[in-house]
Amino acid sequence: MNAVPLGMPAFPAAARDATRNTTLRRNLRHATHTIRDRRAAAVAELDDWAGLRAAGAAVKDQTLRHLDHYLEQAEAAVTAAGGQVHWAADADEANRIVADLVRATGETEVVKIKSMATQEIGLNEALAEVGITAYETDLAELIVQLGEDRPSHILVPAIHRNRTEIRDIFRKTMGEWGIPAPEGMSDEPRELAEAARLHLREKFLRAKVAVSGANFLVAETGTLVVVESEGNGRMCLTLPETLISVVGIEKVVPTWRDLEVFLQLLPRSSTAERMNPYTSTWTGVTDGDGPREFHLVLLDNGRTKILADEVGRQTLRCIRCSACLNVCPVYERAGGHAYGSVYPGPIGAILTPQLRGTTSEIDASLPYASSLCGACYEVCPVAIDIPEVLVHLREKVTEQRGHVVERAALRAAGWVMRDPKRYTALQRAAVRTRAVHPRKVPLPGWGKAWSATRDLPALPAESFRTWWQHRDTPGGTT
Amino acid sequence: MRVGLFLTCVNDTLYPRTGQATVALLERLGCDVDFPLAQTCCGQMHWNTGYGRQVEPLVRGFAETFAGYDAVVTPSGSCGAMIRDNHPRAAARSGDPGLADAVAQVMPKVYELTEFLVDVLQVTDVGAYFPHRVAYHPTCHSLRLMRLGDRPTTLLRNVRGLELVDLPGAEECCGFGGTFAVKNPDVSAAMGADKLRNAESTGADVLCAADNSCLMHLGGMISRRKGAIRTLHIAEILAATETDPEGAMWARTGAHR
Ligand code: SF4
């Protein structure tokens, strides 16, 4: 995966700034609560949701268990349908493959469909380095690109922006990238969409090369699937002469029957729609219809490593619906940028440290960016037990070097707790000295972190166990 | 029925009144309650902070201490969930089949308090009296891990004098999260502030939950801001009666030092 963003602080520090940004808090609260409630309603319509969810998880698990088989099946099918398959072990290799393919066409511009995999590998930046400009065509991605911003949500990368901010971005920079925003454009959503439509249409009509990701890859026929709301993806998939799709190896599903399960799970979880407006499928190349050249780049970039981890591997079931972000109380307050990755929210907190490792400050802090409230697990359409994976990753972090004070403190606490005598003695000592216990702790560390906003509870005059031992009338309250 | 009370280390040390209320309530309903002194801690803090390897002796201690009871009752949704979900995991990982066995034996007998009242004792009206406006915060682990559902609110609705008000955003986390509260203090406080704003908007004078650790966080914030609402564990509400509304009989403390 791409490196940690330069100068990225650990999650708590980045989140602190976000909690103090009232505009951001308001934008996020409004957006996440709206979609959260709509998702709940869309899911409640189906009385077999639990069954669908279990089926989704089972299909993914089965596929992951035999991933090599299905990938080879997909490769054979894509090749037979006139496509070319490339295997990329990591981000660099994938970027190199795509850059070479674009250069071979003689073009210096590509249009892009919204894709997490290409964000993950930093494709746009890699292409820019060799003189190729990538134009994002998803509306929210366009806002991020024009604003020289970073995405903060999987599905709605510009969720942190409100419409006034979007109008300002369009006015300021659209002209530098192509057709400028119309004179006098207001911040009405309709007018903003119209400006984007005009701006993008020119790109679609000119582009000879498109780059996409895919939501699914059906192994039995070698068919790629993109689901979307805007139709801009369909333009990219059909108009250009060359199509390059960068797809994570976990996106494969065995059959069309399996796909059916996900085409029900994904839209309801993601946009709260019964069905998404556009579902595009393509299989290799077809004479006289769509691109004449098709390349599939299958991306590992850490995924096989995740697959080898018994607890962590459920992460690979993820269909990137973003339901876990929309329901997460931490994401809602911290915002997507605090996660220092293109994958924010609960899925990011488990995926990023597995893709990048936990050596950097931000990556080691991500497994702790959760109160373990379990809301993410509850909404996840493929039943990823995100809290379980978070705790698993926390263990990996504590087994690394560092954490000297914390480890010593928890060891000591464990040593006390495992022996009732030691536990009772410590409790007694605490009670004896209670008169001098502060309600605020000014020293750095956990005590200060607690008492910056909260008083410590006052220690009672007597612990329960002391009371119990001296209770004179057991068996009654008289 | 012989009930082993697993009070939890937090309640034992910081909230003895919750323990006393639980004992009074269960005895009033005819249970023979015991508090085995060998109990300490379920290991949740270690487990959830990434020190799961240190939990094994605590898991063993719990299984041994509570082996002989008909039921084990705990007034904490999150410690209950720790025992139910993670003690078997810890036991499996220890590679000791004896421990896995012991955990498997005791586990089906472990109940959170309201679960025990409604499912085992099959009472929904415990004869309590509490003339106050109460908002119930379901707490994440009680709600999503223990799946207490409407048990606590059913019990509260049957308390005489009690007016149960709807808490907006009830299912949202209060921001405690164990060591999350100190590892991510700003996000934690932002979540807590929103929870309190919702609680205060109901006009309730008591914010109630089945978990004192969440209430410790919220209560700490209320105390700091000198807020009007107070926090109370559900056991203390259910233990209150018309003849003894303040628990004068069961919460006598300080007599033995
Ligand atoms: S982890 Fe689950 S809820 Fe989150 S994006 Fe992936 S599939 Fe959706």
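Letters go in sequence order (proteins before strands), and every chain restarts at 1. These numbers were taken from a predicted model, which means no experiment stands behind them.
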Asks: Answer yes or no: is there a side-chain heavy-atom contact under 4.5 Å between B/W47 and A/V391?
Replies: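 Of all side-chain heavy-atom pairs linking A/V391 with B/W47, at least one is under 4.5 Å.
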
Asks: Please state whether the side chain, the backbone, both or neither of A/R25 comes within less than 4.5 Å of a heavy atom of chain B.
Replies: side chain

Asks: Taking B/V182, B/T179, B/L7 one by one, which has the highest count of heavy-atom pairs under 4.5 Å against chain A?
Replies: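 Looking at each option in turn, the highest pair count goes to B/V182.
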
Asks: Going through the checks in order, is the salt bridge (Lys or Arg N to Asp or Glu O under 4.0 Å) test met by B/D186 and A/R20?
Replies: CA-CA 9 Å; B/D186 297 281; A/R20 289 171 191 171; 3.3 Å; yes

Asks: Among the options B/L58, B/L37, B/L14, pick out the one with the most heavy-atom pairs lying under 4.5 Å from chain A.
Replies: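 Result: the option with the highest number of such pairs is B/L37.
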
Asks: Count the heavy atoms belonging to other residues, nucleotides or ligands that lie under 6.0 Å from CG of A/N21, then report whether that count exceeds 12.
Replies: yes

Asks: Which pair of non-hydrogen atoms, one from B/N48 and one from A/R394, has the smallest distance, and what is that distance?
Replies: O-NH1, 2.7 Å

Asks: Who among B/Y15, B/F176, B/F180 has the most heavy-atom pairs with chain A under 4.5 Å?
Replies: B/F180

Asks: Answer whether the closest heavy-atom distance between the side chains of A/S463 and B/T13 falls below 4.5 Å.
Replies: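 No - every pair of side-chain heavy atoms lies 4.5 Å or more apart.
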
Asks: If every non-hydrogen atom of A/S371 is compared with every non-hydrogen atom of B/M191, which pair is closest and at what distance?
Replies: OG-CE, 4.0 Å

Asks: Under 4.5 Å heavy-atom distance to chain B, tell me which part of A/V397 shows up: side chain, backbone, both or neither.
Replies: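 Contact with chain B involves no heavy atom of A/V397 at all.
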
Asks: Between A/R418 and B/E56, does any NZ, NE, NH1 or NH2 come within less than 4.0 Å of an OD or OE carboxylate oxygen?
Replies: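 Not counted as a salt bridge, because no side-chain N and carboxylate O are separated by less than 4.0 Å.
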
Asks: Does any part of the side chain of A/W450, heavy atoms only, come nearer than 4.5 Å to the side chain of B/M216, both counted from C-beta?
Replies: yes

Asks: Which heavy atom in A/P420 sits nearest to a heavy atom in B/T40, and how many Å separate them?
Replies: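 Answer, listing the atom of A/P420 first, then B/T40: CA-CG2, 3.7 Å.
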
Asks: Please tell me whether B/Q39 and A/Y423 have a donor and an acceptor in their side chains that are separated by less than 3.5 angstrom.
Replies: no

Asks: Would you sort out whether B/K183 and A/E406 count as a salt bridge (Lys or Arg N to Asp or Glu O under 4.0 Å), showing the intermediate values?
Replies: CA-CA 11 Å; B/K183 283 179 172 271; A/E406 179 182 297; 2.7 Å; yes

Asks: Which heavy atom of B/H141 sits nearest to which heavy atom of A/L372, and what is that distance?
Replies: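 Looking at all heavy atoms of both residues, the closest pair is NE2-O, 3.0 Å.
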
Asks: Pick one of side chain, backbone, both or neither for B/R53, based on which atoms fall under 4.5 Å of a heavy atom in chain A.
Replies: both

Asks: For the interface with chain B, which of A/A15, A/A375, A/A334 has the highest count of heavy-atom pairs at distances below 4.5 Å?
Replies: A/A375

Asks: What pair of heavy atoms forms the shortest contact from A/L410 to B/M45, and how long is it?
Replies: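 Between these two residues, the closest heavy atoms are CD2-CE, 3.7 Å.
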
Asks: Could you go through the side-chain contact (heavy atoms from CB on, under 4.5 Å) check for B/N184 and A/F11 one step at a time?
Replies: CA-CA 8 Å; B/N184 280 285; A/F11 183 84; 3.2 Å; yes

Asks: Tell me the closest heavy-atom pair linking B/P16 and A/P460, and the distance in Å.
Replies: CD-CG, 3.4 Å

Asks: Between the side chains of A/E310 and B/R89, is the shortest nitrogen-to-carboxylate-oxygen separation below 4.0 Å, so that they form an ion pair?
Replies: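 Not counted as a salt bridge, because no side-chain N and carboxylate O are separated by less than 4.0 Å.
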
Asks: If you tally heavy-atom pairs under 4.5 Å against chain B, which of A/E388, A/E332, A/E395 wins?
Replies: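 Max contact count across the listed options: A/E395.
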
Asks: Quick one: of B/A38, B/C31, B/A189, B/G61, who has the most non-hydrogen atom pairs under 4.5 Å with chain A?
Replies: B/A38

Asks: Does A/H33 reach the side chain of B/E172, with side-chain heavy atoms less than 4.5 Å apart?
Replies: yes

Asks: Side-chain contact test, heavy atoms from C-beta onward, threshold under 4.5 Å: evaluate it for A/T398 versus B/T49 and give yes or no.
Replies: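 A/T398 vs B/T49: side chains apart.
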
Asks: Relative to each other, are the rings of B/F35 and A/W468 parallel, tilted or perpendicular (30° and 60° limits)?
Replies: tilted

Asks: Does A/E361 have more than 12 heavy atoms from other residues, nucleotides or ligands lying within 6.0 Å of its CD?
Replies: no

Asks: Heavy-atom pairs under 4.5 Å with chain B are the metric here; pick the option from A/A458, A/A18, A/S370 that has the most.
Replies: A/S370

Asks: Of the backbone (N, CA, C, O) and the side chain (C-beta and beyond), which part of A/R36 lies under 4.5 Å from a heavy atom of chain B, both, or neither?
Replies: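 Looking at A/R36, just its side chain touches chain B.
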
Asks: Do you know which of B/L143, B/V55, B/L26, B/D34 has the most heavy-atom pairs under 4.5 Å to chain A?
Replies: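 Top count of heavy-atom pairs under 4.5 Å with chain A: B/D34.
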
Asks: So, do A/S451 and B/R224 sit near enough that their side-chain heavy atoms are less than 4.5 Å apart?
Replies: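 Touching, per the 4.5 Å side-chain cut-off.
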
Asks: Within the 3.5 Å criterion, strictly below it, is a donor on B/S188 or A/R454 matched to an acceptor on the partner's side chain?
Replies: yes

Asks: Between A/L459, A/L456, A/T453, which has the largest tally of heavy atom pairs under 4.5 Å with chain B?
Replies: A/T453

Asks: Does any backbone or side-chain atom of A/D385 lie under 4.5 Å from a heavy atom of chain B? Answer side chain, backbone, both or neither.
Replies: side chain

Asks: Could you have a look at B/A193, B/A190, B/G219 and say which one has the most heavy-atom pairs with chain A under 4.5 angstrom?
Replies: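 Looking at each of B/A193, B/A190, B/G219 in turn, B/A190 comes out on top.
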
Asks: After noting the C-alpha distance and the side-chain angles of B/R225 and A/D455, does the key distance pass the salt bridge (Lys or Arg N to Asp or Glu O under 4.0 Å) rule?
Replies: CA-CA 9 Å; B/R225 307 143 136 226; A/D455 284 342; over 6 Å; no

Asks: What part of B/L5 gets closer than 4.5 Å to chain A, counting heavy atoms only: side chain, backbone, both or neither?
Replies: side chain

